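Report on one structure; see the data block that follows.
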Amino acid sequence: MGLDGLILRKKDKMNLEETKKLMSSILDKLGYYYGMSEKNKRGRKFYTCGVSEYQGSEKGFVMYLYGEQDPFDEGQFDFIECDLGKVLHIEDISGSEDMILKILYEYFKVHPNDYFFDELDWYYTKKEIDRIYNSDDWEDWPYKNPN
């Protein structure tokens, strides 16, 4: 299993249906093939979304969309900013780095104050994502310190 990533947003701005609608529109715009299903765990509704570059492609990943903070995450991201919660969890970035960068670039156009955080304890703002997206060095972007 490879590196995971999270999109973090202020808890009071989290909205599951808004996130679902936005991610669907981004995936449609980029022409990615995806399927989304509603789930419920411990009374918390969320969505699971399998994404691939095109139908039948093995290149892809799974992401989870959330609308409220998990109590287990309370204070976990305070070193970035207080009161952040996960709105999106991308499982195993490996092999889909370019796809994810394109998604983040589109996402940050709508939510420029959110963060992308990866398991290397690095976090990216809109500024870093824009810089990486507009560079010629996309290939290993999540494995390099953004600063």
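For reference, positions follow the sequence shown, starting with 1. Below, each value reflects all heavy atoms present in this structure, side chains not excepted, and no hydrogens, waters or symmetry copies. Keep in mind that this is a model prediction, so the values were computed, not measured.
Note: Leu104 CG to Tyr124 OH = 9.5 Å, rounded to the nearest 0.5 Å. Residue Leu65 holds its CG atom at 6.0 Å from OG1 of Thr19, rounded to the nearest 0.5 Å. Between the CG atom in Leu8 and the CE atom in Met14 there is a gap of 9.0 Å [rounded to 0.5 Å]. Atoms NZ and OG1, on Lys41 and Thr48 in that order, are 10.0 Å from each other to the nearest 0.5 Å. Taken from CG in Leu6 to CG in Asp114, the straight-line distance is 12.0 Å, to the nearest 0.5 Å. Note: Phe77 CZ to Lys11 NZ = 11.5 Å, rounded to the nearest 0.5 Å.
Closest heavy-atom contact between Ile93 and Gly5: CD1-N, 3.9 Å. Residues Gly60 and Ser96 share a closest heavy-atom pair of O-OG, 3.1 Å. Contact record, Phe116 with Trp141: CE2-CH2, 3.7 Å, taken as the closest heavy-atom pair. The two residues Ser57 and Ser52 make their nearest non-hydrogen contact at O-CB, 3.8 Å.
Between Met63 and Leu27 there is a side-chain heavy-atom pair separated by less than 4.5 Å. Looking at heavy atoms from C-beta onward, Glu81 lies in side-chain contact with Lys10 at the 4.5 angstrom threshold. Counting heavy atoms from C-beta on, the side chains of Pro142 and Leu3 come closer than 4.5 Å.
When the shell of 6.0 Å around NZ of Lys109 is examined, it contains more than 12 heavy atoms from other residues, nucleotides or ligands. Around NZ of Lys29, the count of heavy atoms belonging to other residues, nucleotides or ligands within 6.0 Å does not exceed 12.
The closest donor-acceptor contact from the side chain of Asp140 to the backbone of Tyr143 lies at 3.5 Å or more, if one exists at all. Between the side chain of Thr125 and the backbone N or O of Tyr115, no donor-acceptor pair lies under 3.5 Å. In this structure, Asp4 contributes its side chain and Asp92 its backbone to a donor-acceptor pair below 3.5 Å. No donor-acceptor pair closer than 3.5 Å links the side chain of Ser24 to the backbone N or O of Lys21.
Under the 4.5 Å side-chain heavy-atom criterion for Ile, Leu, Val, Met, Phe, Trp and Tyr, Ile129 and Leu84 are members of distinct hydrophobic clusters. When hydrophobic clusters are built by joining Ile, Leu, Val, Met, Phe, Trp and Tyr residues whose side-chain heavy atoms come closer than 4.5 Å, directly or via intermediates, Met99 is grouped together with Ile7. Grouping the Ile, Leu, Val, Met, Phe, Trp and Tyr side chains by contacts below 4.5 angstrom, directly or via other members, places Val110 with Met36. Under a hydrophobic-cluster definition in which Ile, Leu, Val, Met, Phe, Trp and Tyr are linked whenever side-chain heavy atoms come within less than 4.5 Å, directly or via other members, Ile132 and Leu120 are assigned to the same cluster. In terms of hydrophobic clustering, with Ile, Leu, Val, Met, Phe, Trp and Tyr side chains grouped at heavy-atom distances under 4.5 Å, Val62 and Leu22 are assigned to different clusters.
Lys39 meets the salt bridge (charged side-chain N to carboxylate O under 4.0 Å, His left out) test with no other residue; sequence neighbours excluded. Every residue meeting the salt bridge (charged side-chain N to carboxylate O under 4.0 Å, His left out) condition with Lys126, not counting sequence neighbours, appears here in chain and number order: Asp130. Legend: residues meeting salt bridge (charged side-chain N to carboxylate O under 4.0 Å, His left out) with Lys86, ordered by chain and number and at least two apart, are Asp73.
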Query raised in the report: Between Lys45 and Glu17, does a salt bridge (charged side-chain N to carboxylate O under 4.0 Å, His left out) hold up when you go through it step by step?
Result: CA-CA 10 Å; Lys45 180 178 156 182; Glu17 295 307 317; 3.0 Å; yes
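Among residue pairs with one or both ends in residues 49-60, those qualifying as salt bridge (Lys or Arg N to Asp or Glu O under 4.0 Å) are Glu53-Lys59, Lys59-Asp98; sequence neighbours excluded. Contacts classified as ring pair (Phe, Tyr, Trp, His ring centres under 6.0 Å) and involving residues 16-62 (residues at least two apart or in different chains) are given here: Phe46-Tyr66. The ring pair (Phe, Tyr, Trp, His ring centres under 6.0 Å) contacts involving residues 89-108 comprise Tyr64-His89, Tyr105-Tyr133, Tyr107-His111, where partners must be two or more places apart or lie in separate chains.
Ion pairing between Arg131 and Glu128 fails under the 4.0 Å rule for side-chain N and carboxylate O. Between Glu18 and Arg9 there is a salt bridge, with a side-chain nitrogen of the basic residue lying less than 4.0 Å from a carboxylate oxygen of the acidic one.
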